[in-house]
Amino acid sequence: MSEPISQYAHPEVLVSTEWLAQHLNDPGQRIVESNEDVLLYDTGHVPGAVHIDWRADLQDPVVRDYISPEAFAELMKKNGISPDTTVIFYGDKSNWWACYALWAFRLFGHTKVKIVDGGRDKWIKEGRALTKEKPKYPPANYPVPAKRLDDEIRAFYEETRAHFEAKKPLIDVRSPGEYRGEITHMPEYPQEGVLRGGHIPGAKSVPWKTACNDDATFKSPSELRKIYAEGVGLKKDDDIIAYCRIGERSSHTWFVLTYLLGYPQVRNYDGSWTEWGNKVRAPIERG
Amino acid sequence: MSKRCVEPPDDTTPSSYPKPLASIIGLFESLPEEEKRENLIAYAEQAKKHEPKPGETFDLEDVRKDEECTDTVGVFMKVDPDRQAHFRITLGPQVQTLTKAMTSILCKGLDGSTLDEILDLPGDFVPRIVGGNLVRIRSQTVYYILTRMKSACRVFLNRLRAAGA
């Protein structure tokens with residue numbers, strides 16, 4: 001028998017596809033699809049879901065950074081999301097971008113967030129309803145957040161460097177080949193402009209996928225504890241930084257560590273390898 | 001019901017692109033953003049129509065999954081005596097929607113082009129069709145199908161040269 005979901009540290013952040021199908025029209029919630037495939041939402045989505053594009057909606061169009069609090073408030077208003085709205089994320093690629101969007105929402109202090117376990121692939125595999133109809137919601141009032149929580153759940157290069165020098169836990173969630181420096185691209189993806197291969201010295205390799213089952217759902221609480229607590233040796237009060245190439249796969253691991261296992265101090269280094277691997281004189285370890 | 005691709009007009013301005021492709025480029029450039037997306041989806045949904053049909057034979061078949069591509073892509077090329085090419089393409093299920101759209105566009109837009117025309121084709125038309133906003137990190141595979149078609153042309157010409165040597 002499968003382990004109860006209540007064994008996760010914060011089981012309230014996960015909903016199943018079955019639950020979602022029965023609660024599509026619940027008041028006080030907004031379903032958000034976030035994908036890597038830029039046109040996937042347009043081909044059909046969960047009825048009532050809005051689309052939030054990780055690049056066009058969440059990132060600054062010029063500087064490599066996230067949007068301003070003012071732009072976030074405007075995005076929320078446009079999608080009918082107020083601070084009290086529960087936002088339920090799902091997407092392609094085992095929820096990489098759904099977790100990324102959730103993490104970005106948390107950067108702006110939005111706390112009512114959930115993930116659909118298994119994401120878009122599971123929803124479709126189960127033959128559930130899709131629509132091309134793009135919903136329109138009345139604009140909501142969303143006060144401009146006082147600040148972005150960059151200090152709490154986001155790590156920058158300097159902080160990550162200080163972290164490795166202090167020998168604090170760093171989790172590299174990329175594929176083993178990327179970690180070892182054998183390849184400078186993700187398997188099945190083109191090169192994305194990285195000049196050097198390898199990993200941050202001292203970082204432990206735990207590919208994001210180890211936290212997932214084949215159907216894109218998250219592994220059970222005990223399986224996750226085995227991977228991160230027993231396997232990597234993470235302790236409850238550790239200060240942890242996760243990274244990948246551009247911060248989306250590490251958002252997935254950030255979600256697992258923060259919400260499913262309850263580690264209180266986890267940050268996502270979104271500059272990740274596309275910053276570290278290009279930085280002059282940044283120390284790199286191979287193998 | 002899926003949207004039907006808008007047919008490009010026949011009298012599009014001449015350009016360095018093969019005429020059918022130039023017409024498609026002209027059409028997309030005239031569309032507002034939302035309609036551009038709708039047409040890309042319509043083209044993507046027609047990608048299966050460009051798979052090989054039963055009984056068809058080809059002069060070159062190249063089915064492979066490159067390490068840097070999400071899924072298997074098969075390129076099937078038939079070449080007329082006057083070296084005009086006709087393509088069929090198979091795509092694995094994990095291929096992105098934009099890549100599916102570009103498959104339909106290229107199969108249609110390059111049909112009947114000569115091997116040299118295809119090899120000389122610059123990739124700068126892609127953002128003109130897709131729009132600059134959609135050509136970005138994690139959607140670069142939109143160029144992949146053109147690369148594979150050119151590769152097929154190159155292999156075919158090399159074989160001809162080798163046979164004539």
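Chain A is the first sequence line, chain B the second, and so forth, proteins listed ahead of strands; every chain is numbered from 1. From a predicted model like this one, the values you see are computed outputs, not experimental measurements.
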Can you see which heavy atom on A/V38 is nearest to which on B/L98, and at what distance?
CG2-CD1, 3.6 Å
Hey, could you give me the [atom1]/[atom2] distance between [X] and [Y], rounded to the nearest 0.5 Å?
{"X": "A/L39", "Y": "B/T99", "atom1": "CG", "atom2": "OG1", "answer": "9.5 Å"}
{"X": "B/R37", "Y": "A/T43", "atom1": "CZ", "atom2": "OG1", "answer": "11.0 Å"}
{"X": "A/D92", "Y": "B/Q94", "atom1": "CG", "atom2": "CD", "answer": "9.5 Å"}

Tell me, please, which residues at least two apart from A/K122 pass salt bridge (Lys or Arg N to Asp or Glu O under 4.0 Å).
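A/E126.
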Could you work out, with ring pair (Phe, Tyr, Trp, His ring centres under 6.0 Å) as the rule, every residue matching A/Y179, not counting sequence neighbours?
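In terms of ring pair (Phe, Tyr, Trp, His ring centres under 6.0 Å), with neighbours along the sequence ignored, A/Y179 is linked to A/H199.
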Step through the shown structure and confirm whether more than 12 heavy atoms of other residues, nucleotides or ligands are within 6.0 Å of [atom1] on [X].
{"X": "B/R83", "atom1": "CZ", "result": "no"}
{"X": "B/N158", "atom1": "CG", "result": "yes"}
{"X": "B/E33", "atom1": "CD", "result": "yes"}

Taking the side chain as everything from C-beta on, heavy atoms only, tell me whether B/I41 gets closer than 4.5 Å to A/K132.
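With C-beta onward as the side chain, the pair touches.
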